[in-house]
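The next block holds one structure in the form of structure tokens; read it before the comments.
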Amino acid sequence: MSETNTAAEVAAPHRYTAALAADIEARWQDFWDADGTYEAPNPSGELAGDPAVVARPKKFIMDMFPYPSGAGLHVGHPLGYIATDVYARYHRMTGHNVLHTLGFDAFGLPAEQYAVQTGTHPRVSTEANIENMKAQLRRLGLGHDKRRSFETIDPEYYKWTQWIFLQIFNSWYDEDAKKARPIAELVALFESGERAVDGERPWSELSAAERADVLGRYRLAYASDAPVNWCPGLGTVLANEEVTADGRSERGNFPVFKSKLRQWNMRITAYADRLLDDLDALDWPEAIKLQQRNWIGRSVGARVDFPVEGHPDAKVTVFTTRQDTLFGATYLVVAPEHQLVVAEGGNGGIVPAAWPEGTHEDWTGGHATPAEAVAAYRKEAAAKSDVERQADAKEKTGVFTGAYAINPVSGARLPVFTADYVLMGYGTGAIMAVPAHDSRDFAFARAFDLPMRCVVRPSDDRGTDPSTWAESFDSYEAEIIDSAGPDVSLDGLAVPEAKTRMAEWLTERGIGEATVNFRLRDWLFSRQRYWGEPFPIVYDEAGVAHPLPESMLPLELPEVEDYSPRTFEPDDADTSPETPLSRNEDWVNVELDLGDGVKRYRRETNTMPNWAGSCWYELRYLDPHNSERLVSADAERYWMGPREGQPHGGVDLYVGGAEHAVLHLLYARFWSKVLFDLGHISSAEPFHKLYNQGMIQAYVYRDSRGIPVTATEVEERDGAFYHQGEKVSRLLGKMGKSLKNAVTPDEICAEYGADTLRLYEMAMGPLDVSRPWDTRAVVGQYRLLQRLWRNVVDEATGELTVVDAEPDDATLRALHKAVDGVAQDMANLRFNTAIAKVTELNNFVTKLSEVPRSVAERMVLLVAPLAPHIAEELWRKLGRTGSVVHQDFPVADPAYLVDEAVTCVVQIKGKVKARLEVAPSISDEELEKVALADPAVVAALGGAGIRKVIVRAPKLVNIVPA
RNA sequence: GAGCGAGUGGCGCAACAGGCUAGACGCAGCGGACUUAAAAUCCGUAGCCCAAGUGGCAUGUGGGUUCGAAUCCCACCUCGCUCACCA
């Protein structure tokens with residue numbers, strides 16, 4: 001604190017200063033901890049409490065829990081925590097049993113990287129970071145139930161993460177029942193023969209390894225050899241959601257390559273429909289719902305088989321959303337990785353030995369045989385990174401395979417190409433090209449001189465000859481033309497009807513059917529990391545995976561000497577991952593009795609991704625120390641169970657950043673649904689209401705070289721900015737150490753106190769909007785608290801200044817208006833306007849010669865959710881006992897919300913010409929009469945006749961002259 | 001390129017459903033009080049323009065609907081976010 005305040009402190013020893021705030025805040029924080037003020041009772045079990053509180057309506061209010069980084073918090077981090085805290089406090093004061101707490105998400109790459117950089121064990125550095133963060137957060141006075149806090153790295157927590165993994169591993173998705181069921185039930189169906197095993201031999205004839213293989217195709221958690229995102233720079237594989245659009249790792253920005261590796265996956269695709277449909281009932285921002293819908297990417301269309309000329313057994317199966325344009329298909333394209341063009345092995349390959357007679361020379365790529373051309377193109381495509389593929393998107397490349405397919409509707413011969421604009425990972429990896437009606441096919445057809453056929457009548461004046469067009473034509477509101485074949489005709493149908501008709505025809509013929517295709521892929525669930533949850537899986541000598549029994553959980557992460565990941569040159573795709581755990585042979589090789597005697601096993605050495613711990617943590621808050629179950633059924637039903645208006649149940653308010661739209665939020669929904677299907681929980685959705693807080697931005701000052709300079713050392717002169725005499729530029733950016741503009745909550749607390757910081761963060765603007773931090777402006781909220789304090793306490797003596805007189809009418813109206821507005825704003829997360837209303841009331845009260853006690857008390861209650869420490873202190877000074885936390889929030893008396901007299905505006909053609917004081921209950925007729933009689937109105941009308949009078953009693957009259 | 005969102009004083013932002021003279025509340029500014037002085041605090045002032053009025057212009061720009069538009073519609077401009085060869 002600066003020394004200049006000392007004099008003021010002497011003059012006014014009881015002024016609300018930073019020093020006094022610090023003293024008040026520390027005292028009340030200690031009181032809350034000792035008192036357990038924020039402990040929310042469960043209906044039963046270890047955390048059971050006052051039945052009267054349990055009987056209240058519940059509110060489960062949650063933040064996205066923090067990831068403890070070494071850098072500590074800046075003022076942007078706690079924005080959401082303060083908002084949920086205010087909201088939670090408001091609901092505690094309005095008769096709710098409020099569960100509000102905070103844990104720590106502490107496994108994962110950043111913690112590990114920080115540990116490697118600093119040369120400390122991740123557990124040591126993570127624990128230190130958490131302690132530091134806890135201290136920073138405690139200073140803010142957040143009302144958390146500390147009994148319920150945990151860290152995802154606690155073995156008692158990740159025991160249940162592993163347990164859930166086993167639940168998922170031990171279940172399959174029953175497409176008929178549309179839900180997950182235990183894998184044992186599938187085994188029973190196979191054993192009884194009720195359900196046939198895919199493949200030629202019956203279940204009873206299969207070996208143990210073969211059976212494991214079959215089940216692996218059903219399990220919701222399974223290992224497979226599919227191509228995955230391999231990131232040599234990070235030394236680990238990544239989920240699709242963790243790879244950016246330009247083919248780089250979201251973390252670290254290293255190149256990512258497709259590589260075939262045996263990895264664990266979660267069959268999230270089984271839930272695609274439910275993940276999509278259940279979004280409708282969630283109270284989430286539309287933008288986030290839209291992002292999830294796009295990510296799931298449901299497309300309705302059809303599968304169509306095209307016979308291949310000269311290969312009676314081969315067919316090209318395509319997925320299309322425009323089966324109505326089948327007559328317009330003039331060629332086919334398969335992805336370079338497609339089985340049909342894999343020359344080696346000859347498994348269904350359709351590439352002929354020689355180019356067909358008269359092959360266009362541009363189609364051959366200059367190669368002597370189709371096999372050579374295809375092999376060369378495949379190699380070229382494989383060498384391209386996603387970045388390059390992206391960059392080349394405009395220029396279409398490809399090569400003719402030498403094969404022809406037959407269009408089943410018209411009998412037309414269609415050349416089959418392979419090109420990298422068709423992706424193996426989407427649909428069937430093959431398309432029918434309709435160049436007249438698809439922009440990509442149009443570009444390819446132009447490049448390779450392929451024919452085009454118009455089968456949808458253009459709605460503009462371009463005509464029906466595609467060779468004269470500048471671009472393809474694509475519309476769902478047009479008529480099908482030129483689509484009559486020997487067996488089926490679509491001519492004259494509208495697009496939707498034509499789609500249905502074509503799908504029916506394909507189904508009748510057995511050469512296709514209407515299908516739905518999803519963009520969503522299975523979730524890659526293993527990482528080559530040390531700092532994560534170990535998989536509770538061991539392999540026997542035949543390589544069959546076995547789940548550990550529940551009794552062996554938690555499988556603790558072993559202490560190792562070398563926990564650093566094996567990373568490679570970021571651009572070296574010819575590398576393969578090495579798991580840190582595999583270096584520890586003593587841990588990897590074990591002898592276990594899994595029910596059939598002691599045998600030797602090897603442990604799985606991958607670890608789970610950092611998302612695992614956050615997929616279910618909301619459940620553990622409910623019953624954090626339960627050693628028997630992940631959560632007691634009673635607690636789960638009470639806090640999460642479906643309520644009216646929340647058909648799926650879930651957390652009542654979940655606040656966090658929008659960056660988790662498709663990662664955490666999708667994964668957590670998926671786990672909830674599996675646990676729900678298996679009967680472990682009653683809520684099929686984790687988060688009923690989601691709210692995205694905006695970002696706190698900060699000015700970044702850069703010198704002439706573009707290097708950020710320390711923001712606090714920058715001076716402003718005449719609208720320009722200078723750092724050590726040098727002119728610097730100013731731009732709005734993120735807040736952080738690297739941009740030298742971080743402001744910590746600690747320094748603001750030291751300067752003004754936590755209550756001021758809380759108020760300022762809430763007053764800056766609407767919660768969901770990003771806005772720039774301005775340290776200079778914080779003082780405004782400090783002044784509000786000082787004035788509030790002064791309205792109750794004499795700064796010189798510390799004595800109360802309130803009087804026991806009844807407030808006058810105007811004061812009561814101001815009070816009740818504020819109470820009403822603040823309550824509504826709080827309930828709707830509009831804290832910025834709530835603070836404005838409190839300020840307005842406080843400014844009003846400041847002007848009173850003396851402050852009535854009843855007004856002061858209600859003002860204290862009004863600010864209690866926002867500035868809890870000063871509220872507690874004033875409440876106590878006002879002679880009230882107990883904590884303000886559990887007082888009732890003031891309720892507005894409607895009688896004082898109606899003003900005695902209302903100002904009515906009289907407009908003439910929308911321009912205000914007079915103002916009248918009228919009774920709020922005045923009738924339209926009466927008001928019109930009064931308005932027309934007003935001298936100013938008469939004068940303004942100047943004798944002109946009246947055409948029309950619009951009356952909105954009691955506030956407005958608008959006169960339209962003739 | 002596509003989709004979504006947003007443009008209001010020097011700044012952050014208000015105006016809850018088209019209707020109380022747009023700019024609440026706060027920062028910065030300006031004037032004053034207190035002080036030897038400064039800081040802090042308090043009181044006041046404050047959109048822009050001018051011939052200073054019972055004046056004109058003002059919610060990104062241009063049009064429209066309406067008695068009345070920051071609010072609704074159309075076009076354009078700018079910024080932000082998301083997705084991006086998904087068949």
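Every chain is numbered from 1, with letters handed out A, B, ... down the list of sequences.
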*Mapping A/Gly427 and A/Ile950 to their closest nucleotides on RNA chain B, which lands nearer the 5' end?*
A/Ile950

*OP1 or OP2 of B/U41 less than 4.0 angstrom from a side-chain nitrogen or oxygen of A/Gln786, does that happen here?*
yes

*Where the side chain of A/Gln291 is concerned, which of B/C67, B/C42, B/U82 is the nearest nucleotide?*
B/U82

*Between B/A87 and A/Ser299, is there an OP1 or OP2 to side-chain N/O distance shorter than 4.0 Å?*
yes

*Give a yes/no answer on whether the side chain of A/Arg783 brings an N or O atom under 4.0 Å of OP1 or OP2 in B/C25.*
no

*Give none if B/C76 has no partner; otherwise give the nucleotide forming a Watson-Crick or G-U wobble pair with it, both distances under 3.5 Å.*
B/G60

*Across all strands shown, which nucleotide pairs with B/G26 by Watson-Crick or G-U wobble geometry, both distances under 3.5 Å?*
B/C11

_Under 4.0 Å, counting only non-hydrogen atoms across every strand here, what does A/Arg787 touch: a base, just sugar-phosphate, or nothing?_
sugar-phosphate

*Of all the nucleotides listed (B/C27, B/A87, B/U41), which has the minimum atom distance to the side chain of A/Phe319?*
B/A87

*What nucleic acid atoms does A/Asn843 come within less than 4.0 Å of, heavy atoms only: base, sugar-phosphate, or nothing?*
sugar-phosphate

*Residue-phosphate contact under 4.0 Å: A/Asn517 side-chain N/O, B/A87 OP1/OP2*: no

*Residue matched to B/A37 through Watson-Crick or wobble contacts both under 3.5 angstrom*: none

_For a quick check of understanding: with a heavy-atom distance under 4.0 Å over all strands, which category does A/Ala777 fall into, base, sugar-phosphate or nothing?_
sugar-phosphate

_With a 4.0 Å limit, can you tell me whether A/Arg293 has a side-chain N or O closer than that to the phosphate oxygens OP1/OP2 of B/G3?_
no

*For B/A52, which nucleotide in any strand shown is its Watson-Crick or wobble partner with both distances under 3.5 Å?*
none

_Base of B/C25, side chain of A/Lys837 - is there a donor-acceptor contact under 3.5 Å?_
no

_Counterpart base for B/C83, defined by Watson-Crick or G-U wobble contacts under 3.5 Å_ = B/G1

*Within the structure shown, what part of the strands sits under 4.0 Å from A/Arg519 by heavy-atom distance: base, sugar-phosphate, or nothing?*
base

*Once you apply the 3.5 Å cut-off to both distances, tell me the Watson-Crick or G-U wobble partner of B/C42, or none.*
B/G32

*Between B/C67, B/C42, B/C85, which one does the side chain of A/Asn958 approach most closely?*
B/C67

